[in-house]
Every structure is written in C-alpha cells, then in structure tokens.
A.B. asks: 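One structure, as structure tokens, below. Some questions next.
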Amino acid sequence: MANDLFDRIIKDKGPLGKWADQAEGYYVFPKLEGPISNRMSFNGKKVVTWSINDYLGLANHPEVLKVDGEAALEHGMAYPMGARMMSGHTPFHEQLERECAEFVDKEKAYLLNFGYQGIMSAIDALVTKNDIIVYDMDTHACIIDGVRLHSGKRFVYRHNDMASFEKNIKRAAKMAEKTGGGILVISEGVFGMRGEQGRLKEIVAFKKEYNFRLLVDDAHGFGTLGKDGRGTGFEQGVQDDIDVYFATFAKSMAGIGAFLAGDKDVIQFLQYNLRSQMFAKSLPMAMVKGALKRLDMIRTMPELKEKLWKNTNALQSGLRNAGFDLGTTQTCITPVFLKGDIPEAMAMVNDLRENHGIFCSIVVYPVIPKGLIILRLIPTATHTQEDIDETITAFSAIREKLEDGTYKKIAASIV
C-alpha cells in the first residue's frame, strides 16, 4: 500500500513552515492596516513602513484613487468576462499595451494578469526541449519556477559573475549544437533582495559570439531607473539588446498585472501560446484604466521619481554613515546585513516594531544563508526625513542589542 501523501507534509512543514506557530500573524502574514503610505497601523500601533513596494507613492495618490473609483463604478470588477482570446478583449487593453510598448521602446506589448504566473508561462512558451536556458542563480522565485517547467537542459551561473556566465554560455552553445536548439538567457534588471542591477551591459556583449536571446525581468527597475523611469535597460544603455522585456504593475505602478514587450512576431507568438493567459480571465477594466492613469503619471510627473531617489540617497547614506553594511545595492532597495539566527531575528524584529515603531521586511534562511539576517527597506516617494532619522536611530539601538547577546537570551527563553 502507498504511503499517505500527507504524512510527509505533517512531519516536515519546511524551513519556514516549522516556525508557523510562533511566527504567523506577526513575522509572516502580518496585517498592515490603513491607507498605503509611509506610516501605517500594525498590531494597534502606528509604524514607519518600509516594506511596501509603492516606490512612487501612487497607491493612494488622489488622482489615482479618482480614476480607480470611477472605473470600478462604471465597469464593476467583473468586466470584461472571460479570457482575452474568447470574450475578454477591449480597446482599453489594446491601448495599455500600445502605451507600455512605446514607453519601453519596443514594437509590441502583451498584458499579463499577474507577473508571477505570466513570466513563468513566458519561459515555458519561449523554449522547447531542444533549447537551453542560462540564468542567474539569484533570480526571483517566479523565474526559478518557470525554469523548472523547462523539459530541456539549463545552466545556472553565479550571481552577476561574468566569468561564471561565460563558462555556462559556452556549455550551452555546445549543447545547443547537439540538440539543434537555441539559447535563452534570463536575468533580472534589478535583483529584489540585494538591490543590485543585473549586469545586462556585460551580458549583451556576448550575444554576437553565442547567438542567444535575452529575457529581462525588470519588476523593480520599471519606474525607478533610467530616463523617465523607463527601466534598467535604459539605465545601462542596452534596451535595444533586450529581446523580451518584462515588467510588473505591482511595484512602481501600485496595482495588479504586468506586461511583456519585444518584437511584434515574438509577442504575437506569446499571445497565442502563453497558457497562463490563454486560459485565464482577462484583467478587469478597473485595473486597466487605473494602469493607464499610473503610466501617464510616471511619464508626466518626474518629481515622483526625483523624490523617491532623494529619500533613497538620504536613507542609504545615513545608514552607511552609521556603520551599517548595505552590500552592493545600486538601486532603491536597501538591504541591511546583520548576523544572527532565526530566533534572534524574531526577537530583534519584535523590538523594532513594538518599541521603535519601525516595520520592515525580515529575510532569513532558506532565502539567504544560515547565520545571516537581512532587514530589507523599500524607500518610497511618500517617506520623510523624519522617517529616515527615526529608522537610523532605531537600527543603531537594535544592532547594539544583537551584538551584546540580548536577543539571543530572549530567543532562548522563548524557545
């Protein structure tokens, strides 16, 4: 008789799941309440909020709320019904695709309901079992899951390591000669955990020799980098060399949805072969009209990006001057690296939230190596210098307790 499938699940909840009883509702699945802004309510208290990807402060901008509300009143949240290919297609969906394509300087774009499922499905559609994938080991989980769908060969290179990239692209080229397939290289424009830009300029320098195509996930670069916020490709001067460009509306656009952009023939192929979109309900009209408004504001209100970077520079320079290790971030993402285990991290974050009024994301094993803690801050255009000063003071206080063993003692007593 077969084993009960659930026996394993009950016995081994996974590296994060095993902490569920202690962590759920506070450290994971926390409940931030109130309007999305620099300060929100958590656990009954106002906290400075550094964990919301609302880079440009559009989530509760009055102009955005007006358009969102009017669109919801006019269309509800159901229209259009059905998948795009069957009954869920509208002129507004087409308009948003045209404007996204124009904004990132590509021939054509295609809307996606969600970024995660969209890029997974795009990877699946772009390659066959004869093709080879080469990808950065630190890419987002959505890319890792997309690569897992691939039935052919794949090679992973060390993060932003061009020697490792060259070694693996050579291996991929040899393999492709045997299989008769092509090569898809995948990188992020901005790596969301450490804030580093992908080395796109260096990668595209290999294209002539190895004849690969490049897919870039620019979820965190779109709206924050490059001229007018047009993304990492513009920041590095290589947008024309990105064959398939991906961006999500869930960060700078403060909404739901995403898009792929590239040459007309490629994007048209994806329209007719992207399973996660072919068989999924169309993006609701309120989301589409809201995205049109947000994109227009990114184009016409440069002061939003300027304020974001003013806050970013103030936060990062202040933390570095206070002696904190921010790694090699080149973007708004601000990781603060500390040393400690998961129980220590939980005690530290509790202190940070309850006694200092600071809410930021905590990153621990298995996302990063054991013994390392990242407190990840996302500055936005809505933050103030007061928020920044309070945060640096609080971080200095918790670092002292981490280093003198206070949190280790607290954690031991709880465990």
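Any value given below was found using the heavy atoms of this structure, including those in side chains, with hydrogens, waters and symmetry copies removed. Just so it is clear, the structure is predicted and the values come from calculations on it, not from any experiment.
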A.B. asks: Quick one: do the His220 and Tyr55 side chains pair a donor with an acceptor below 3.5 Å?
C.D. replies: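 The answer is yes; a qualifying pair exists.
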A.B. asks: Can you tell me how far the CZ atom of Arg148 sits from the CD1 atom of Ile133, to the nearest 0.5 Å?
C.D. replies: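 It is 13.0 Å, given to the nearest 0.5 Å.
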A.B. asks: Would Phe42 and Tyr26 count as a ring-ring contact (aromatic ring centres under 6.0 Å, His included) here? Give the steps.
C.D. replies: CA-CA 9 Å; Phe42 174 71; Tyr26 193 92; 5.1 Å; yes
A.B. asks: Look at atom NZ of Lys153 and say whether more than 12 heavy atoms of other residues, nucleotides or ligands are closer to it than 6.0 Å.
C.D. replies: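 No, because the 6.0 Å sphere around NZ of Lys153 holds 12 heavy atoms or fewer from other groups.
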A.B. asks: Between Ser121 and Arg275, is there a donor-acceptor pair closer than 3.5 Å when you use the side chain of the first and the backbone of the second?
C.D. replies: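 Yes.
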A.B. asks: Can you list the steps and then say if Phe103 with Phe222 is a ring-ring contact (aromatic ring centres under 6.0 Å, His included)?
C.D. replies: CA-CA 10 Å; Phe103 187 64; Phe222 181 77; 5.7 Å; yes
A.B. asks: Does either side chain, that of Thr232 or that of Gln197, offer a donor lying less than 3.5 Å from an acceptor on the other one?
C.D. replies: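 Result is no, nothing qualifies.
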A.B. asks: Any donor-acceptor pair under 3.5 Å linking the side-chain atoms of His356 with those of Glu390?
C.D. replies: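 Distance-only check fails for Glu390 and His356.
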A.B. asks: Do Arg194 and Phe191 form a cation-pi contact, if we require the NZ or CZ to be under 6.0 Å from the six-membered ring centre and within 45 degrees of the ring's axis?
C.D. replies: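 So Arg194 doesn't make the cation-pi contact.
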A.B. asks: CD of Gln385: more than 12 outside heavy atoms within 6.0 angstrom?
C.D. replies: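 Enclosed.
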A.B. asks: The test is salt bridge (Lys or Arg N to Asp or Glu O under 4.0 Å); show your working for Lys409 and Asp404 and say whether it passes.
C.D. replies: CA-CA 10 Å; Lys409 292 175 185 177; Asp404 70 15; over 6 Å; no
A.B. asks: Under a 4.0 Å N-O cut-off, is there an ion pair linking Glu354 with Lys45?
C.D. replies: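 Lys45 and Glu354: salt-bridged.
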A.B. asks: Can you tell me if Phe206 has over 12 outside heavy atoms packed within less than 6.0 Å of its CZ?
C.D. replies: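 Yes, because the 6.0 Å sphere around CZ of Phe206 holds more than 12 heavy atoms from other groups.
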A.B. asks: Any side-chain donor-acceptor pair under 3.5 Å between Asn355 and Asp351?
C.D. replies: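 There is such a pair between these side chains.
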A.B. asks: Kindly compute the distance separating CG (Leu96) from NZ (Lys293), expressed to the nearest 0.5 Å.
C.D. replies: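 Answer for the CG-NZ pair, Leu96 versus Lys293, is 14.0 Å.
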A.B. asks: So do Met297 and Glu63 actually touch side chain to side chain, heavy atoms under 4.5 Å?
C.D. replies: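 When only atoms from C-beta onward are counted, Met297 and Glu63 do touch, with a gap below 4.5 Å.
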A.B. asks: Kindly check if the number of other-residue, nucleotide or ligand heavy atoms within 6.0 Å of NZ (Lys310) is above 12?
C.D. replies: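 Atom NZ in Lys310 is not packed in, count stays at 12 or less.
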A.B. asks: Count the heavy atoms belonging to other residues, nucleotides or ligands that lie under 6.0 Å from CZ of Arg154, then report whether that count exceeds 12.
C.D. replies: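 Enclosed.
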A.B. asks: More than 12 foreign heavy atoms under 6.0 Å from NZ of Lys201: is that the case here?
C.D. replies: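 No, not enclosed.
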A.B. asks: How are the rings of Phe212 and Phe165 set to each other: parallel, tilted or perpendicular (split at 30° and 60°)?
C.D. replies: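 Phe212 and Phe165: perpendicular rings.
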A.B. asks: Do Asp217 and Tyr245 meet the criterion of a side-chain donor-acceptor pair at a distance under 3.5 Å?
C.D. replies: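 Distance-only check fails for Asp217 and Tyr245.
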A.B. asks: If you draw a 6.0 Å radius around CZ in Phe92, do more than 12 non-hydrogen atoms from other residues or ligands fall strictly inside?
C.D. replies: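 No, not enclosed.
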A.B. asks: Can you find a side-chain donor-acceptor pair between Asp136 and Thr139 that sits under 3.5 Å?
C.D. replies: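 Asp136 vs Thr139: no donor-acceptor pair found between side chains.
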A.B. asks: Is there a donor-acceptor pair closer than 3.5 Å between any side-chain N or O of Arg171 and the backbone N or O of Lys167?
C.D. replies: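 It does not hold such a pair.
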A.B. asks: Using a strict 4.0 Å threshold on nitrogen-to-oxygen distance, state whether Arg299 and Glu99 make a salt bridge.
C.D. replies: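 The answer is yes: the pair qualifies as a salt bridge.
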A.B. asks: Please determine which of Ile374, Ile373, Leu377 meets the side chain to side chain contact (heavy atoms under 4.5 Å, CB included) test together with Val336.
C.D. replies: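 It is Leu377, the one option of Ile374, Ile373, Leu377 that forms the side chain to side chain contact (heavy atoms under 4.5 Å, CB included) with Val336.
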A.B. asks: So with a 6.0 Å cut-off around CZ of Arg158, is the heavy-atom count from everything else above 12?
C.D. replies: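 No.
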A.B. asks: As a test of understanding, state which of Lys307, Lys305, Glu306 forms a side chain to side chain contact (heavy atoms under 4.5 Å, CB included) with Trp309.
C.D. replies: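 It is Lys305, the one option of Lys307, Lys305, Glu306 that forms the side chain to side chain contact (heavy atoms under 4.5 Å, CB included) with Trp309.
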A.B. asks: Would you say Arg320 and Gln316 make side-chain contact, with heavy atoms under 4.5 Å?
C.D. replies: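 With C-beta onward as the side chain, the pair touches.
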A.B. asks: Does Gly182 offer a backbone N or O that forms a donor-acceptor pair with the side chain of Asp131 under 3.5 Å?
C.D. replies: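 Side chain of Asp131 to backbone of Gly182, a donor-acceptor pair under 3.5 Å: yes, one is there.
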A.B. asks: Please round to the nearest 0.5 Å and tell me the distance separating atom CD1 of Ile358 and atom CG of Asp387.
C.D. replies: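 That separation rounds to 7.5 Å.
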A.B. asks: Arg213 versus Ile183: any side-chain heavy-atom pair under 4.5 Å?
C.D. replies: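 Side-chain contact under 4.5 Å: no.
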A.B. asks: A side-chain contact here means heavy atoms from C-beta on lying under 4.5 Å apart; do Asn311 and Thr380 qualify?
C.D. replies: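 The answer is no; the side chains never approach within 4.5 Å.
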A.B. asks: One pair to check against salt bridge (Lys or Arg N to Asp or Glu O under 4.0 Å): Arg294 and Asp68. What are the steps and the verdict?
C.D. replies: CA-CA 10 Å; Arg294 290 160 169 82; Asp68 286 353; 2.9 Å; yes
